[in-house]
Structure formats: structure tokens, C-alpha cells
Amino acid sequence: MLPVVQLKGVTHAYLGDREASLAVEDLNLNVEQGEFVSLVGPSGCGKTTLLSIIAGLLQPSQGEVFVNGEPIMGPSPEVGYMLQQDYLFPWRSILDNAILGLELTGNLTEESRKRTLELLREMGLEGKEHAFPNQLSGGMRQRVALVRTLATNPGLLLLDEPFSALDYQIKLQLEDLVSETLRSRGTTAILVTHDLSEAIAVSSSVILLQRNPGKIRKVFSVPEQIRSAPPLFARDQPGFSELFHEIWKEMEIAGRES
Ligand code: ADP
Ligand code: MG
């Protein structure tokens with residue numbers, strides 16, 4: 001089967017007034033159907049740049065990007081992208097924000113609206129459907145943005161630190177919920193996170209990037225017993241802390257070199 005995402009020799013430089021800065025250089029990556037991949041690495045190593053390229057929001061300076069075998073020409077309903085900030089519309093209710101993607105893609109039906117309400121409930125937002133974003137906490141708004149991204153049922157989901165602003169307990173619950181939702185739908189996902197234990201707990205492989213310029217340092221495969229456990233329990237599986245320390249050590253070495 002074709003990989004869902006293929007990056008071939010992707011290089012991106014941001015052009016400033018006086019200089020160009022190389023954000024990512026010669027990146028090659030395949031993500032297979034149903035895989036859940038995490039990107040970790042220091043701030044500035046190109047994680048957000050990479051997601052924006054895969055989302056079709058940013059044209060790389062060099063290289064090729066394919067989603068489901070097709071070259072990327074721009075944003076597509078097949079690809080859901082959740083940004084670091086929630087970008088909810090303040091004048092729309094929570095439900096109206098959550099169904100926005102369905103509306104824009106012409107997929108709003110009684111059925112899809114019901115499924116969205118269900119998702120809001122699962123995310124602990126029951127009773128908030130008719131509230132407005134400024135009446136919700138940051139963590140709640142982030143969950144609304146997550147529902148909005150999941151509501152259109154994209155085949156490929158790109159998540160840029162979706163859990164980083166949340167309280168620890170809610171974060172663990174959401175990791176479980178998202179990972180279970182994606183697993184049952186067979187969604188392919190790429191998650192950016194600075195939380196290494198989260199990366200190991202939710203994904204099938206962890207990709208460590210290094211900076212100046214952004215490159216893949218090493219790819220770590222998550223063992224089956226950790227991968228198949230729900231994220232909350234994955235942390236207790238044998239091999240978890242060994243893998244954590246292995247990646248941690250590599251991050252430290254990379255940090256000293258950059
Ligand atoms: P990360 O998400 O891993 O923190 P980014 O992809 O945001 O990294 O950034 C990678 C590099 O590109 C950094 O050096 C950053 O300063 C630079 N960069 C990111 N966005 C822009 C931009 N819009 N204009 C200029 N430089 C940028
Ligand atoms: Mg970023």
C-alpha cells in the first residue's frame with residue numbers, strides 16, 4: 001500500500017529581508033496507513049514548518065511531498081490540521097465552532113451534527129454547546145478545536161502540541177480519547193509534542209529532530225506492548241522507561257552538538 005505521507009528531499013528556507021534561514025533540510029520520511037507518528041525535538045527544529053508543509057499551507061523551497069500518492073497542491077479536506085492556538089471564532093457558539101469544518105466542506109448533516117455533539121460530550125464539554133469561546137477555559141477551547149478537527153473525519157490528522165496547555169489529568173484523559181478515536185477510525189496521525197512520555201505513550205514511532213538546520217536525527221520504533229496499551233497504561237509497560245531514557249540521551253547529545 002502507498003504511504004499516506006511521503007516527503008522526499010524536503011528543504012525549506014524562510015526568506016527574510018537580509019538573510020535566509022534554513023528551517024528544515026533534506027528531509028525524507030514515509031508515514032504508513034494507520035501509523036501514529038510523533039515528532040519531538042528542541043524548539044526551532046522545524047516541527048511546525050513540517051506540519052504546515054504536509055498540510056499544504058506552506059510550499060517547501062525544495063523537494064516533494066505526497067499525500068496518498070498525490071502531490072500536495074494546497075489544503076485538502078482529507079488532511080485535518082490542529083494548530084498550537086485554538087483559533088475559535090468568538091462570535092460563534094461552541095457547537096457552531098465545532099461544526100465549522102463540516103459546514104465549509106459541505107458535510108453538515110443531521111447525522112454529522114449529532115456525531116459532533118457526541119464528540120463534544122466525550123471531550124467533557126457537555127452543557128457548553130451553546131456557550132461562547134470567551135466563557136471557556138483555555139483547555140476547554142483547545143478541546144473544542146480538537147473536536148472541530150476530528151468532526152470532518154480526516155484520513156490524516158496533524159496535531160501541533162494539542163495537549164500542551166492542558167492540566168495533567170485532562171491531558172492524560174484526552175491522550176486516551178484521541179488515541180482510541182484514531183485507532184478505531186484507522187486515522188493516520190502526526191503529533192508534535194515536547195512531552196517525550198506522551199510521544200512514546202501514544203505513537204507507533206517517535207521521530208527525533210535536531211536543529212540548525214532541522215533534520216531527522218533518529219527514528220525510534222515503539223515496542224508492540226507499549227503501542228497496544230491505552231496511553232495511560234502504556235507508561236507502566238515494561239520497556240517504557242528504557243525507551244524514554246534512550247531517546248532522552250540522544251536528545252542531550254543532539255542538544256550539545258547544535
Ligand atoms: P518548531 O516548531 O520545531 O519550534 P519551527 O518550524 O517553528 O520550529 O521553526 C523552525 C525554524 O524556522 C526556526 O529557526 C524558526 O525561527 C524559523 N521560522 C519559523 N517560522 C518562520 C517564519 N514565518 N519566518 C521566518 N523564520 C521562521
Ligand atoms: Mg512549533
Side-chain angles (χ1 to χ4, degrees), residues 1 3-7 27-43 45-48 50-51 54 80 82 84 122-124 139 142-143 146 149-150 154-210 215-255:
M1 204 156 43
V4 174
V5 179
Q6 280 178 293
L7 301 179
L27 241 131
N28 297 289
L29 177 68
N30 281 357
V31 181
E32 307 294 332
Q33 172 69 46
E35 257 197 300
F36 194 141
V37 166
S38 287
L39 297 178
V40 298
S43 160
C45 68
K47 303 182 292 294
T48 297
L50 258 184
L51 286 197
I54 299 169
M82 188 177 148
Q84 246 159 323
E122 286 173 15
M123 298 274 176
Q142 197 69 351
R143 281 179 273 159
L146 192 55
T149 312
L150 288 172
L156 172 63
L157 189 60
L158 309 172
L159 300 163
D160 200 344
E161 309 221 15
F163 310 124
S164 62
L166 304 175
D167 290 340
Y168 193 63
Q169 196 192 350
I170 293 181
K171 173 185 155 100
L172 292 182
Q173 284 169 0
L174 277 192
E175 281 175 11
D176 263 9
L177 183 60
V178 168
S179 126
E180 189 41 52
T181 307
L182 299 190
R183 209 180 299 211
S184 66
R185 293 178 177 187
T187 307
T188 308
I190 305 180
L191 168 76
V192 167
T193 176
H194 61 253
D195 179 342
L196 189 48
S197 76
E198 174 176 288
I200 300 171
V202 300
S203 33
S204 44
S205 62
V206 178
I207 298 175
L208 174 61
L209 299 171
Q210 63 184 48
K215 274 180 184 284
I216 293 179
R217 171 96 188 180
K218 203 165 170 182
V219 179
F220 299 85
S221 175
V222 178
E224 188 54 38
Q225 80 266 16
I226 300 176
R227 195 185 294 192
S228 53
L232 190 54
F233 300 102
R235 289 167 167 86
D236 301 325
Q237 293 300 312
F240 186 93
S241 64
E242 285 82 354
L243 182 56
F244 184 96
H245 287 290
E246 192 188 339
I247 304 176
W248 184 262
K249 214 171 96 191
E250 192 65 36
M251 279 173 116
E252 281 202 324
I253 300 171

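All values derive from a computational prediction rather than experimental measurement.
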Of all heavy-atom pairs between [X] and [Y], which one has the smallest distance, and what is that distance?
| X | Y | result |
| --- | --- | --- |
| N28 | I216 | O-CD1, 3.5 Å |
| G41 | M251 | N-CE, 4.2 Å |
| I200 | F244 | CD1-CA, 3.6 Å |
| S164 | E161 | OG-O, 3.2 Å |
| P238 | Q225 | O-NE2, 2.9 Å |
| S221 | R227 | OG-NH2, 3.5 Å |

With heavy-atom distances below 4.5 Å as the criterion, would you say the side chains of [X] and [Y] are in contact?
| X | Y | result |
| --- | --- | --- |
| T193 | V40 | yes |
| L182 | L150 | yes |
| L29 | P3 | no |
| I207 | S38 | no |
| L157 | T149 | yes |
| M82 | Q142 | yes |
| S197 | R235 | yes |
| V219 | L208 | no |

When you measure from the side chain of [X] to the backbone N and O of [Y], does any donor-acceptor pair fall under 3.5 Å?
| X | Y | value |
| --- | --- | --- |
| D167 | Q169 | no |
| K47 | P42 | yes |
| N30 | L7 | no |
| Q33 | T188 | no |

(message) Pair D176, Q173 - check side-chain contact (heavy atoms from CB on, under 4.5 Å), show working.
(response) CA-CA 5 Å; D176 263 9; Q173 284 169 0; 5.8 Å; no

(request) Apply side-chain contact (heavy atoms from CB on, under 4.5 Å) to F163 and L172, showing your working. (result) CA-CA 9 Å; F163 310 124; L172 292 182; over 6 Å; no

(request) Report the distance from atom CD of E252 to atom CH2 of W248, rounding to the nearest 0.5 Å. (result)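 So the CD of E252 and the CH2 of W248 are separated by 6.5 Å.
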
(message) I need the L166 CG to R143 CZ distance, nearest 0.5 Å.
(response)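 It is 6.5 Å, given to the nearest 0.5 Å.
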
(message) The criterion is salt bridge (Lys or Arg N to Asp or Glu O under 4.0 Å); which residues satisfy it with E198, sequence neighbours excluded?
(response)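 K171.
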
(request) Tell me, please, which residues at least two apart from E250 pass salt bridge (Lys or Arg N to Asp or Glu O under 4.0 Å). (result)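 So E250 forms a salt bridge (Lys or Arg N to Asp or Glu O under 4.0 Å) with R217.
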
(request) State which residues pass side-chain hydrogen bond (donor to acceptor under 3.5 Å, both in side chains) with H245; sequence neighbours excluded, sorted by chain then number. (result)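 In terms of side-chain hydrogen bond (donor to acceptor under 3.5 Å, both in side chains), with neighbours along the sequence ignored, H245 is linked to no residue.
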
(request) Mind running side-chain contact (heavy atoms from CB on, under 4.5 Å) on L156 and T187 for me, showing each step along the way? (result) CA-CA 6 Å; L156 172 63; T187 307; over 6 Å; no

(request) Take L191 and L39 through the side-chain contact (heavy atoms from CB on, under 4.5 Å) test and state the conclusion after the steps. (result) CA-CA 6 Å; L191 168 76; L39 297 178; over 6 Å; no

Non-neighbouring partners of [X] that pass side chain to side chain contact (heavy atoms under 4.5 Å, CB included), sequence neighbours left out:
| X | result |
| --- | --- |
| E122 | E118, L119, L177 |
| E35 | V31, E32, V37, S204, S205 |
| D160 | T48, L51, Y81, Q84, V192 |

